Amino acid sequence: MVKQENSLAVAAVSQRADALDALRGVAVLAMVLSGTIARKTLPAWMYHAQLPPPDHIFNNKLPGLTWVDLVFPFFLFAMGAAIPLALSRRIAKGWDTKKVILSILQRGFLLASFAIFLQHIRPTIINPDASILQKWWMALFGFLILFLMYVRWPSRWSVWRRRSLTLVAWSAGIGFVSYIKYPNGVGFLVSRSDIILIVLANMAVFGSLIWLFTRSNTWLRVGFLGLLLAARLSSPTDGWINLVWRYSPAPWLFQFDYLKYLFVVIPGTIVGDFLGRWIEYCSPEEASYASWKSWRYFSLMVVMFAVNLVLLIGLQARWVWQTALVTVVLCLCALVLLRKPGNVTENLLNRLYKWGFYWVVLGLLFEPYEGGIKKDSATMSYLFLTAGMAILLLIGLMIIIDVFQRKWFLQLFIDNGVNPMIGYAGFANIIWPILVLSKLEPVIVELTSTNPFMGFLRGLGYTTILALIVVVFTRFKLFLRT
């Protein structure tokens, strides 16, 4: 009986939550779009709130929230939600705690090393001078090595063959970055890394460990957030907490301040628990137990997207109390739509929404604190609110994919979501070098610099091309292990 239950658990968690993949894909492609649109000419809401046009000078006192500011927390949230799905599969297969912890540390190592190697092969890091063609060839070659270092080789190949190829690729990668001479005259440095990926590595390790030891007690996990909140609020004040918060034995790899992003990751793990149980118990027959009509699902989807839109417009325009009022009214309407769930999916949406509603309200209550919502340095309002917004967007995506069965509509995002690291590295190390070496980039820039709309279309075109490249990798099952 136990063996049969374990088999069911393995089968269940081996399935993917397509809406979660779509959310991750949205985050990755939005990141690419935000980095490739024209600078200076577009409205302020098309850039980070604290990097307004035309000068894009960072202003840490400027509050606001734009769609660009959602990219990183949405990706963090998706990572957190995937943790229970991945680790539950290993536990169901019989892995003991020690083996699971080793796999967590291995993932942290892969992400951190990816962050370091990728930064060393960025064309602008190799040499800021765009006229040096050698750096573009090195960026392309660097991506090829990166791909071979982290690609998931076919499981049908022998273990010896896979490990040998990986070892050769890693040796080539180490030799390659050791050979490069950077503008400051210094070669390889562990401190030369992609900060976003370093934070992701920290969150992958700490988020996974916290879930592992609190997986049977959600409220203990929430209680940990209370302790973390106390530490963060006390950290600016002189004392032992301040000393600990600012200390790091390896600042290039870990800083206590990174732990603030657990306020996004841990809510993600709670959602991941719900998704895991939903995948396990969901069946084709459960549709017959649905108590909601199609119009309720559609209305709920519209409200989920509307709340996100209202928050973006209102908080960026600094209509704070008006935004809070409209948001609460919309959320109360959604509560009415979510009454009396019948089947597994409806119960899932009901539970997800209550958590999302909670984090959104908590974020709005924190909005006046720390001078208003800001991404850098991330305020409590930003962390809580974006976690809630991610849940609401996930609900909308689930209704499209799992209720209305329109997976094809979001397939591009799903394919990019299951293979995010190629998308993350792809523009700077594939598309951009090819454009420069083929002498197409100056032509495209000249054609798209006539007005702001053309500048946006340029970014949209680059993003679409990269998304299609990732789709090809995904369809050929060429995934990067991170």
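Just so it is clear, the structure is predicted and the values come from calculations on it, not from any experiment.
- In this structure a side-chain-to-backbone donor-acceptor pair under 3.5 Å is missing from Asn429 to Gly142.
- Taking the side chain as every heavy atom from C-beta outward, Leu85 and Leu20 approach each other to under 4.5 Å.
- Donor-acceptor pairing under 3.5 Å is lacking for the side chains of Trp252 and Ser193.
- The two residues Leu65 and Ala49 have their closest heavy-atom pair at N-CB, 4.0 Å.
- Listed by chain and residue number, Phe263, Trp359, Phe366 satisfy the ring-ring contact (aromatic ring centres under 6.0 Å, His included) test with Phe384 (two or more places apart in sequence, or in another chain).
- Counting only distance, with no hydrogens or angles, the side chain of Ser248 and the backbone of Phe254 share a donor-acceptor pair below 3.5 Å.
- Side-chain contact between Thr327 and Val361 is absent, with no heavy atoms from C-beta onward closer than 4.5 Å.
- Taking 4.5 Å as the limit, some side-chain heavy atom of Pro73 sits within range of a side-chain heavy atom of Tyr382.
- Applying the side-chain hydrogen bond (donor to acceptor under 3.5 Å, both in side chains) rule to pairs touching residues 47-61 yields His48-Asp69, sequence neighbours excluded.
- Here the closest heavy-atom approach between residue Ala115 and residue Leu197 is recorded as CB-CB, 3.3 Å.
- Contact between Leu33 and Gly459 at its shortest, heavy atoms only, is CD1-C, 3.5 Å.
- Among pairs with a residue in residues 39-53, none fulfils salt bridge (charged side-chain N to carboxylate O under 4.0 Å, His left out), at least two apart in sequence or across chains.
- For the pair Leu148 and Trp170, the minimum side-chain heavy-atom distance is 4.5 Å or more.
- Panel note: side chain Glu346, backbone Gly342; a donor-acceptor pair is recorded below 3.5 Å.
- Atom CE of Met31 sits about 7.5 Å away from atom CD1 of Ile196, to the nearest 0.5 Å.
- Counting heavy atoms from C-beta outward, Pro420 and Tyr424 have side chains that stay 4.5 Å or more apart.
- Going from atom CD of Gln255 over to atom NZ of Lys260 covers 9.5 Å, rounded to the nearest 0.5 Å.
- In this structure, Trp319 CH2 and Leu325 CG are separated by 14.0 Å, a value rounded to the nearest 0.5 Å.
- Not less than 6.0 angstrom separates the ring centroid of Phe479 from the ring centroid of Tyr150.
- No side-chain heavy atom of Thr166 sits less than 4.5 Å from a side-chain heavy atom of Met149.
- Within 6.0 Å of CZ in Arg152 there are more than 12 heavy atoms belonging to other residues, nucleotides or ligands.
- At distances below 3.5 Å, not a single donor-acceptor pair connects side-chain atoms of Trp67 with backbone N or O atoms of Leu312.
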Next on the checklist: Go through it in stages, so that I can follow the logic: the residues are Phe256 and Ile241, the test is side chain to side chain contact (heavy atoms under 4.5 Å, CB included), and I'd like the CA-CA distance, side-chain angles, deciding distance and then a yes or no.
Outcome noted: CA-CA 11 Å; Phe256 277 98; Ile241 295 179; over 6 Å; no
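- Looking at Trp292, its side chain does come within 3.5 Å of a backbone N or O of Arg339 through a donor-acceptor pair.
- Sorted by first and then second residue, the side-chain hydrogen bond (donor to acceptor under 3.5 Å, both in side chains) pairs involving residues 94-108 (not counting sequence neighbours) are Arg90-Ser103.
- When all heavy atoms of Leu393 and Asn308 are compared, the closest pair comes out as N-ND2, 3.8 Å.
- With rounding to the nearest 0.5 Å, the separation of OG1 in Thr482 from CG in Leu118 is 11.0 Å.
- Considering only heavy atoms from C-beta on, Phe413 stays 4.5 Å or farther from Leu23 through its side chain.
- Residues Glu367 and Arg318 are paired through a salt bridge, judged by an N-O separation under 4.0 Å between the basic side chain and the carboxylate.
- Aromatic ring orientation, Phe143 versus Phe473: perpendicular (interplanar angle above 60°, classes split at 30° and 60°).
- At least one side-chain heavy atom of Val307 sits less than 4.5 Å from a side-chain heavy atom of Leu311.
- Within the 6.0 Å centre-distance limit, the rings of Phe427 and Tyr462 are counted as a close aromatic pair.
- For residues 468-482, every residue pair satisfying the salt bridge (charged side-chain N to carboxylate O under 4.0 Å, His left out) rule, not counting sequence neighbours, is listed here: Asp415-Arg475.
- Judged as a ring-ring contact (aromatic ring centres under 6.0 Å, His included), and not counting sequence neighbours, Tyr258 has no contacts.
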Checklist entry - Could you walk me through whether Phe206 and Tyr261 pass the ring-ring contact (aromatic ring centres under 6.0 Å, His included) check? => result CA-CA 10 Å; Phe206 289 102; Tyr261 293 109; over 10 Å; no
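- The salt bridge (charged side-chain N to carboxylate O under 4.0 Å, His left out) pairs that include a residue from residues 114-123 are Arg122-Asp194, where partners are two or more places apart or lie in different chains.
- The ring-ring contact (aromatic ring centres under 6.0 Å, His included) check on Trp240 picks up nothing, with sequence neighbours excluded.
- With hydrogens and angles ignored, the 3.5 Å screen pairs a side-chain donor or acceptor of Asn419 with a backbone N or O of Leu478.
- Residue Phe147 qualifies as enclosed at atom CZ: its count of foreign heavy atoms under 6.0 Å is above 12.
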Next on the checklist: Walk me through whether Ser235 and Asn242 qualify under side chain to side chain contact (heavy atoms under 4.5 Å, CB included).
Outcome noted: CA-CA 4 Å; Ser235 62; Asn242 176 272; 5.5 Å; no
Expected list for residues 399-410: side-chain donor-acceptor pairs under 3.5 angstrom, two or more places apart:
residue : atom : partner : partner atom : Å
Gln405  : NE2  : Asp402  : O            : 2.8
Arg406  : NH1  : Phe404  : O            : 2.9
Lys407  : NZ   : Asp18   : OD2          : 3.3

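- Annotation: ring-ring contact (aromatic ring centres under 6.0 Å, His included) contacts of Trp245 (sequence neighbours excluded): none.
- Heavy atoms only, all atoms of each residue included: Met79 and Ala204 are closest at SD-N, 3.8 Å.
- For Phe298, the CZ atom counts as loosely surrounded, since its 6.0 Å shell holds 12 or fewer non-hydrogen atoms of other residues, nucleotides or ligands.
- Qualifying side-chain hydrogen bond (donor to acceptor under 3.5 Å, both in side chains) partners for Asp21, counting only residues two or more places apart in sequence or in other chains: Arg16, Arg24.
- Nearest approach of Asn350 to Leu338, heavy atoms of both residues: ND2-O, 2.9 Å.
- When atom types are taken as modelled, the side chain of Ser113 and the backbone of Leu110 share a donor-acceptor pair closer than 3.5 angstrom.
- Interatomic distance, Leu352 CG to Asn347 CG, rounded to the nearest 0.5 Å: 10.5 Å.
- Applying the salt bridge (charged side-chain N to carboxylate O under 4.0 Å, His left out) rule to pairs touching residues 216-239 yields Arg221-Asp273, Arg232-Glu370, sequence neighbours excluded.
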Checklist entry - Could you walk me through whether Ile266 and Met203 pass the side chain to side chain contact (heavy atoms under 4.5 Å, CB included) check? => result CA-CA 9 Å; Ile266 288 181; Met203 292 303 97; over 6 Å; no
